[in-house]
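Below: one structure, written as structure tokens.
Quick note: numbers below take in every heavy atom, side chains included, and nothing from hydrogens, waters or symmetry partners. Just so it is clear, the structure is predicted and the values come from calculations on it, not from any experiment. Sequence positions, counted from 1, serve as the residue numbers for this chain.
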Amino acid sequence: MTRTYFSTEDGARWRWLLYVALALVGGLLTFAGARAQQRASDDATFRKLIDNYCAAWSSGNADAPAKFYAKDNGLVFYDLAPFSYHGWKEYHDGVQKEFFANMASGSLTAGKDLKVMRRGTLAWTTVSMHFSEKTKDGKATEAEVRYTGIWEKRGTSWVLVHDHLSAPAAGS
């Protein structure tokens with residue numbers, strides 16, 4: 001006597017479950033691949049933004065970096081000096097007075113350690129930077145600084161809605 005353990009109906013059910021499982025695995029692989037591609041695209045986009053941001057601040061003209069900043073009232077930006085600026089106009093005028101008025105030359109250069117985290121239309125970046133300055137009276141300053149930027153995508157452009165530059169405490 002021959003026993004049948006699986007009916008034709010059972011075989012069809014197992015095939016259907018196999019197809020569903022394969023579809024789920026395929027979907028997950030597609031999602032993971034798309035996410036990796038998005039991450040690589042974000043890294044390239046923000047590397048270019050950060051390098052252009054540094055070049056703009058290195059120009060010695062506070063008008064140059066304006067295109068990177070949202071102009072909304074109430075936004076706060078932290079810099080090396082003074083402690084904070086409220087809104088782009090205050091930031092522009094403060095940096096022009098505190099840094100550029102007495103600067104003969106200067107540069108801000110981003111390190112290789114850029115990190116980008118993105119959630120939809122918001123992204124935050126962290127990167128070490130090197131600041132160097134030569135004042136009109138010949139004094140030179142070199143400093144390693146830390147940078148965090150909070151970016152918002154508005155239309156096709158990313159703009160800063162908050163940023164924070166700081167220098168480690170002496171001896172750190």
Side-chain angles (χ1 to χ4, degrees), residues 32 34-172:
R35 183 68 189 126
Q37 188 175 17
Q38 178 68 51
R39 191 173 301 120
S41 175
D42 287 346
D43 288 349
T45 296
F46 284 96
R47 170 49 66 186
K48 185 175 179 180
L49 275 170
I50 291 293
D51 289 344
N52 290 338
Y53 166 93
C54 287
W57 279 114
S58 297
S59 72
N61 177 349
D63 293 328
K67 65 184 175 187
F68 295 100
Y69 288 87
K71 308 303 185 287
D72 307 19
N73 290 328
L75 297 177
V76 177
F77 306 103
Y78 294 122
D79 207 304
L80 299 174
F83 182 72
S84 66
Y85 296 101
H86 297 86
W88 170 248
K89 180 165 178 17
E90 186 176 299
Y91 198 6
H92 170 278
D93 296 348
V95 170
Q96 189 65 46
K97 178 183 171 195
E98 292 290 327
F99 289 98
F100 295 153
N102 193 36
M103 184 186 293
S105 64
S107 71
L108 187 62
T109 308
K112 302 286 185 216
D113 58 340
L114 175 65
K115 301 285 186 238
V116 179
M117 296 296 294
R118 178 178 171 193
R119 300 292 184 268
T121 59
L122 292 177
W124 56 100
T125 55
T126 60
V127 66
S128 61
M129 294 183 173
H130 181 78
F131 171 72
S132 64
E133 172 189 38
K134 188 168 190 177
T135 61
K136 291 177 181 172
D137 61 3
K139 293 180 185 170
T141 301
E142 300 283 331
E144 298 304 316
V145 296
R146 299 172 288 218
Y147 176 81
T148 301
I150 309 294
W151 301 80
E152 183 177 1
K153 190 161 193 175
R154 295 185 178 179
T156 59
S157 300
W158 287 96
V159 292
L160 286 160
V161 294
H162 175 75
D163 70 357
H164 186 141
L165 246 65
S166 64
S172 295

Where is the tightest heavy-atom contact between Leu160 and Gly149, given as atom of each residue plus distance? CD2-CA, 3.8 Å
Least distance between heavy atoms, Trp158 atom then Leu122 atom: CZ3-C, 4.1 Å
Residues at least two apart in sequence or cross-chain that pass side chain to side chain contact (heavy atoms under 4.5 Å, CB included) with Ala66, listed by chain then number, are Lys71, Trp88
For residues 140-149, which residue pairs qualify under salt bridge (charged side-chain N to carboxylate O under 4.0 Å, His left out), counting only residues two or more places apart or in two chains? none
Not counting sequence neighbours, which residues clear side chain to side chain donor-acceptor pair (under 3.5 Å) with Ser59? List them please. none
Suppose we call two aromatic rings close when their centres sit under 6.0 Å apart. Are Trp151 and Phe46 close by that rule? yes
So OG1 of Thr45 and CD1 of Ile50: to nearest 0.5 Å the spacing works out to 11.5 Å
With rounding to the nearest 0.5 angstrom, report the CG to OH distance, Leu75 to Tyr69. 11.0 Å
List the atom of Met103, the atom of Ser105, and the distance in Å for their closest heavy-atom pair. CG-O, 3.2 Å
Applying side chain to side chain contact (heavy atoms under 4.5 Å, CB included), can you list everything that pairs with Ala167, at least two apart in sequence or on another chain? Leu80, Val145
Heavy-atom side-chain proximity of Trp57 to Met129 below 4.5 angstrom: no
Restricting to pairs with a member in residues 92-112, which pass salt bridge (charged side-chain N to carboxylate O under 4.0 Å, His left out), not counting sequence neighbours? Lys89-Asp93
Applying side chain to side chain donor-acceptor pair (under 3.5 Å) to Glu152 and not counting sequence neighbours gives Arg154
Just verifying a value: how many Å separate Ser58 OG and Phe131 CZ, rounded to the nearest 0.5 Å? 9.0 Å
Hey, could you give me each pair passing salt bridge (charged side-chain N to carboxylate O under 4.0 Å, His left out) that has a residue in residues 121-140? Not counting sequence neighbours. none
Mind checking side chain to side chain donor-acceptor pair (under 3.5 Å) for Asn52 and listing every partner two or more places apart, or none if nothing turns up? none
For Thr121, is there any backbone N or O sitting under 3.5 Å from a side-chain donor or acceptor partner on Arg119? no
With sequence neighbours left out, what residues match Thr141 under side chain to side chain donor-acceptor pair (under 3.5 Å)? none
By the side-chain hydrogen bond (donor to acceptor under 3.5 Å, both in side chains) test, which pairs, at least two apart or in different chains, include something from residues 77-86? Asp79-Tyr91
CD on Glu90 to CZ on Phe77, rounded to 0.5 Å: 10.5 Å
Residues Ala110 and Cys54: closest non-hydrogen pair is N-SG, 3.6 Å
Would you sort out whether Thr125 and Leu114 count as a side-chain contact (heavy atoms from CB on, under 4.5 Å), showing the intermediate values? CA-CA 7 Å; Thr125 55; Leu114 175 65; 4.0 Å; yes
Nearest-0.5 Å distance that lies between atom CD in Gln96 and atom CG in Asp63: 7.0 Å
Side chain to side chain contact (heavy atoms under 4.5 Å, CB included) against Asp113, all qualifying residues, sequence neighbours excluded: Val127, Ser128
